[in-house]
Amino acid sequence: MRTLFLLSILPFIFAASQLANSPAATAMANPAAIEPFIPKNFTVLKIAEGRLNTDSETDYAVVVERAASATQSAARRLLVILSDPEVEGGLKIAQQYWRFIPLPVEGDDPFSQLMILDGALEVQFKPPNAGRSHVTYTFKPEGRRFVLSRLQRYTVKPTTGMFKETLIHLEQGEREFTSGSMSSPRHLKKLEKFKPEQTWTPCRIDDPLNFEP
């Protein structure tokens, strides 16, 4: 009976561990650190924490939202809050992006995930009614800016299970295409050189669901 009981609770222990270690869950445990940086009339939609600069202190990425009112339209912002030992409180707003995070459309919210992974900022969007399809942006710090280093566009047809993936590695100057069936290990791959027209930051991307560098 003891063995059976332990086996029965293992899934719950694993799920709790995953939640506790996720970027969003960890950041939400200490919202007071970013409270002074939340703009007036805005509320926190998502928080991620991690390392975005060269010190060992915690940095934050925060998406905030303002509801529409009689005097103001609805709005969202992406805030990047970095540690800085020379400022009061040890944190400062490094960047604010006003147009990168889209608002919901007819009840469908395309904004999906916000993470800090391996020193980079990652933001994911999902087109309305697109199932497993998504678009993921990876931005790396470059001086005071956050520059697009990787773009993944993943599209799946729910009725057939056929997928197409485009990976653009802007730092390496490569674009990789993969397509096939999700149920088969054999996929068609193609790699080509890619040269972006300019350096892309979140402030230059107005339509993240359809953007092409």
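Computed from a predicted structure; not experimentally measured.
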Note, V80 side chain near F146 side chain (heavy atom, < 4.5 Å): yes

If you define the side chain from C-beta out and look only at heavy atoms, does anything of N53 sit under 4.5 Å from S83? yes

Going through the distances and angles, do Q152 and E165 end up as a side chain to side chain donor-acceptor pair (under 3.5 Å)? CA-CA 7 Å; Q152 179 197 37; E165 181 187 44; 2.7 Å; yes

Those residues that, when tested against S183, pass side-chain contact (heavy atoms from CB on, under 4.5 Å) (two or more places apart): S181

Could you give the distance from OG1 (T178) to CG (L191), rounded to the nearest 0.5 Å? 9.5 Å

Look up atom OG1 in T201 and atom CD in E142, then write down how far apart they are to the nearest 0.5 Å. 10.0 Å

Looking at every heavy atom in both K46 and L114, which two are closest together, and how far apart are they? O-CD2, 3.8 Å

side-chain contact (heavy atoms from CB on, under 4.5 Å) partners of L45, counting only residues at least two apart: V63, E65, R76, F111

T199 versus R204, closest heavy-atom pair with distance: O-NH1, 2.7 Å

Where is the tightest heavy-atom contact between P39 and V64, given as atom of each residue plus distance? CD-CG2, 4.2 Å

Quick test of your reading: applying side-chain hydrogen bond (donor to acceptor under 3.5 Å, both in side chains), list the pairs with at least one residue in residues 84-101, sequence neighbours left out, ordered by first then second residue. R77-Q96, D84-K92, R99-D206

Of all the heavy-atom pairs spanning A33 and F37, show the shortest one and how long it is. O-CE1, 3.8 Å

Quick check on the hydrophobic clustering: are W200 and F194 connected, directly or via other members, by side-chain heavy-atom contacts under 4.5 Å? yes

Membership question, hydrophobic clusters at under 4.5 Å side-chain separation (ILVMFWY): are L170 and L167 in the same one? no

Rounded to the nearest 0.5 Å, how far does OG1 of T166 lie from NZ of K190? 10.5 Å

Determine the minimum heavy-atom distance between P141 and G119, stating which atoms define it. CD-O, 3.3 Å

Working for side chain to side chain contact (heavy atoms under 4.5 Å, CB included), residues I34 and L79: CA-CA 10 Å; I34 55 94; L79 312 178; over 6 Å; no

Rounded at 0.5 Å granularity, tell me how far CD in E35 sits from CG in L91. 13.0 Å

Determine the minimum heavy-atom distance between I116 and A61, stating which atoms define it. CD1-N, 3.8 Å

Does atom CG of D118 have more than 12 heavy-atom neighbours from other groups under 6.0 Å away? no

ILVMFWY cluster membership beyond F163 - transitive side-chain contacts under 4.5 angstrom: Y154, V156, M182

Let me check something: do L209 and L78 share a hydrophobic cluster, defined by ILVMFWY side-chain heavy atoms less than 4.5 Å apart, either directly or through other members? yes

Under 6.0 Å between ring centres, would you say that holds for F100 and Y137? yes

Are the side chains of F125 and I101 in contact, using a 4.5 Å heavy-atom criterion? yes

Under the side chain to side chain donor-acceptor pair (under 3.5 Å) test, residues paired with N41 that sit two or more places apart: none

Determine whether I38 and T43 make a side-chain contact, defined as any pair of heavy atoms from C-beta on separated by less than 4.5 Å. no

Please examine the side chains of F211 and L151, heavy atoms only from C-beta on, and report whether any two atoms are closer than 4.5 Å. yes

Heavy atoms, side chains only, cut-off 4.5 Å: are I168 and P196 in contact? no

Are more than 12 heavy atoms, taken from residues, nucleotides or ligands other than R132, located less than 6.0 Å from that residue's CZ atom? no

Would you confirm whether R51, through its side chain, and S56, through its main-chain N or O, come within 3.5 Å as a donor-acceptor pair? yes

Is any side-chain heavy atom of K140 closer than 4.5 Å to one of E171? yes

Inter-residue atom distance M115.CE - E49.CD, 0.5 Å rounding: 14.0 Å

Can you tell me which residue pairs pass the salt bridge (charged side-chain N to carboxylate O under 4.0 Å, His left out) test with a partner in residues 149-164, sequence neighbours excluded? R153-E212

Following the transitive rule for hydrophobic clusters with a side-chain heavy-atom cut-off under 4.5 Å over Ile, Leu, Val, Met, Phe, Trp and Tyr, establish whether I81 and F42 coincide in one cluster. yes

When rounded to the nearest 0.5 Å, the distance separating CZ of R66 from NZ of K40 is 11.5 Å

